[in-house]
Amino acid sequence: MIYLDNSATTRPFDSVIKAVSDNMAGNFGNASSLHHMGVSAENVLKDAKTVILDKLGLDGNIIFTSGATESSNTVISGIPKAHKHSGNRIVTTSFEHPSVENPLRKLEEAGFEIVRVKPPRRDEPQDFEQRVIDAADENTLMVSVMWVNNETGFITDTAKIYSAVKRKNPKTIVHCDAVQGFCKLPAKTLKADLISLSAHKIHGVKGIGALYCAKGMRFEPLLYGGGQQGGIRSGTEPVDLIAGFAEAVRSYPKNAPEMYAELNGRLVPRLSELDGVVINSYNNAKNILNFSVRGVRSEIMLHFLEEREIYVSSGSACSKGKTSGVLAQFGVPDKDADCAIRASFSPFTSESDIDALVEGIADGIKRFRR
Ligand code: PLP
């Protein structure tokens, strides 16, 4: 099997499976219990927080959630409720994941002004961050910009946006969906007050994520209950999944950016040689490549590759094969979006996997192109 759909989800590392099952078997206490089993469970949470904060290179707090969808919903619904008089303008991009875009639409319906900044086209000067900064003013409550786009891999320097926005208005809160960049890119282009993370994109388990919160952040919780995690996120902490999350962060190879650059450097020229293949990604994280095979619809190619046990995605896994509106934002014409394939790598991806993909695409073109 050649699994090249790692932006959708990843195979848990063996070390993660072991950490989760060891914890389930030997450390199943409730982190709120006062006896030593509770303390032992709580220590897993503390350790995981340290590991995640170290990887981010930031001080602050980590709140565990069910995933990045919950983290981003918490921010987008909870910040306006806790900051009623800090403005009603929110600056974001036109290519956010639905877990950010859809709660923002709810705010828009409630009267907030949502400004969606478009990405630069491939041949435009790359002034995207400046455009986001320019869109923020003294009435801006929040800026929410993703780090790495899940469909094309487009990278935004959120650290640059953070500093400039704070200079303009220190009260503006900066949120970042960092799901697709975490552990995969050096953290120097990541900075925000609130950061959404997900374990299953980095070889952890599905159903566990985190929200990084800088010191002093205030927002209304999404869930009320037993007051766990300082009352910010009630519900018994899934200590086993959290142990796996920390292990995934620890196990993610430090040289991932270099590995991905090599794989990308092998794939792009080989694909570009094929007749009618266009590369849609630019300014992208090297583990994500979006390209179109003109004349062969995505689903046809995806299932043809599947017969060879090569697994890729047609655009975003979340859009379940629907033509992606996000690709249009990156200047991909509808005709090419219908033929778009996303290949996304992991530390398990080898050069021979890349070669098998190129061969599969070439054979698919011969078979299906009209
Ligand atoms: N943000 C991005 C960029 C994603 O790619 C995804 C997953 O597809 C999510 C958020 C949602 O993450 P989760 O599955 O943890 O809710």
Side-chain angles (χ1 to χ4, degrees), residues 3-12 16 48 52 56 62-77 92-105 116 119 144-156 158 175-185 187 189-190 192 194-212 222-223 233 235 238 241-242 244-246 248-249 252 260 281 283-285 287-290 311-322 324-327 329-330 340 342-346:
Y3 186 76
L4 296 171
D5 200 10
N6 292 283
S7 289
T9 196
T10 56
R11 174 183 130 192
V16 166
I52 295 169
L56 289 170
I62 295 290
I63 303 297
F64 291 103
T65 63
S66 60
T69 299
E70 184 190 322
S71 302
S72 295
N73 271 264
T74 301
V75 170
I76 292 165
S77 79
T92 185
T93 76
S94 61
F95 52 87
E96 292 298 313
H97 188 268
S99 56
V100 168
E101 169 57 22
N102 288 337
L104 284 175
R105 281 188 196 170
R116 296 176 179 82
S144 179
V145 175
M146 74 195 318
W147 191 17
V148 173
N149 178 262
N150 48 302
E151 297 194 40
T152 65
F154 185 83
I155 304 172
T156 299
T158 62
H175 166 246
C176 175
D177 169 352
V179 165
Q180 294 288 349
F182 185 52
C183 295
K184 299 168 186 177
L185 281 186
T189 56
L190 174 64
L194 296 154
I195 299 177
S196 302
L197 302 170
S198 178
H200 74 96
K201 311 286 185 177
I202 55 161
H203 307 273
V205 180
K206 293 165 194 62
I208 180 72
L211 177 62
Y212 160 80
L222 199 60
L223 302 179
R233 202 286 190 176
L241 303 183
I242 292 169
F245 192 176
V249 175
Y252 209 95
Y260 295 146
S281 292
N283 183 36
N284 57 312
N287 57 309
I288 302 178
L289 191 75
N290 194 301
Y311 299 97
V312 294
S313 169
S314 57
S316 158
C318 307
S319 54
K320 276 252 178 226
K322 282 188 219 141
S324 161
V326 165
L327 288 184
Q329 293 300 316
F330 287 96
R342 178 187 67 182
S344 46
F345 315 147
S346 82

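Start at 1 and go down the list; that is how both ligands and their atoms are numbered.
Atom numbering of ligand 1 starts at 1 in the shown order; those under 4.0 Å from a heavy atom of Val179 are 1 (N), 2 (C), 4 (C), 10 (C). Near Asp177, meaning under 4.0 Å from one of its heavy atoms, ligand 1 places the atoms 1 (N), 2 (C), 3 (C), 10 (C). Close approach of ligand 1 to Gln180 is summarised as follows: ligand atoms under 4.0 Å from at least one heavy atom of the residue are 3 (C), 4 (C), 5 (O). Within the listing of ligand 1, atoms 3 (C) sit less than 4.0 angstrom from a heavy atom of Met146.
At a heavy-atom cutoff of 4.0 Å, ligand 1 is contacted by both the backbone and the side chain of Thr69. Contacts between Ser99 and ligand 1 below 4.0 angstrom, taking non-hydrogen atoms only, involve the side chain exclusively. The residue Glu70 has no part lying near ligand 1, judged by heavy-atom distances below 4.0 Å.
Under the 3.5 Å distance criterion, the side-chain polar atoms of Thr93 are left unmatched by any main-chain donor or acceptor of Val145. The backbone N or O of Thr189 sits less than 3.5 Å from a side-chain atom of Thr158, completing a donor-acceptor pair.
Side-chain atoms of Ser71 and Thr65 form a donor-acceptor pair, as typed in the model, at a separation below 3.5 Å.
Heavy-atom proximity to atom 15 (O) of ligand 1, evaluated over Gly209, Ala178, Ala8, Ser198, is greatest for Ser198.
Among all heavy-atom pairs drawn from Leu56 and Ile62, the shortest one is CD1-CD1, 4.3 Å.
The closest approach between a heavy atom of His200 and any atom of ligand 1 is below 4.0 Å.
Considering only heavy atoms from C-beta on, Lys206 comes within 4.5 Å of Thr9 through its side chain.
A salt bridge links Arg116 with Glu101: the distance from a Lys NZ or Arg NE/NH1/NH2 to an Asp or Glu carboxylate oxygen falls below 4.0 Å.
Using a 30° and 60° split on the angle between ring planes, Phe64 and Phe245 fall in the perpendicular class, above 60°.
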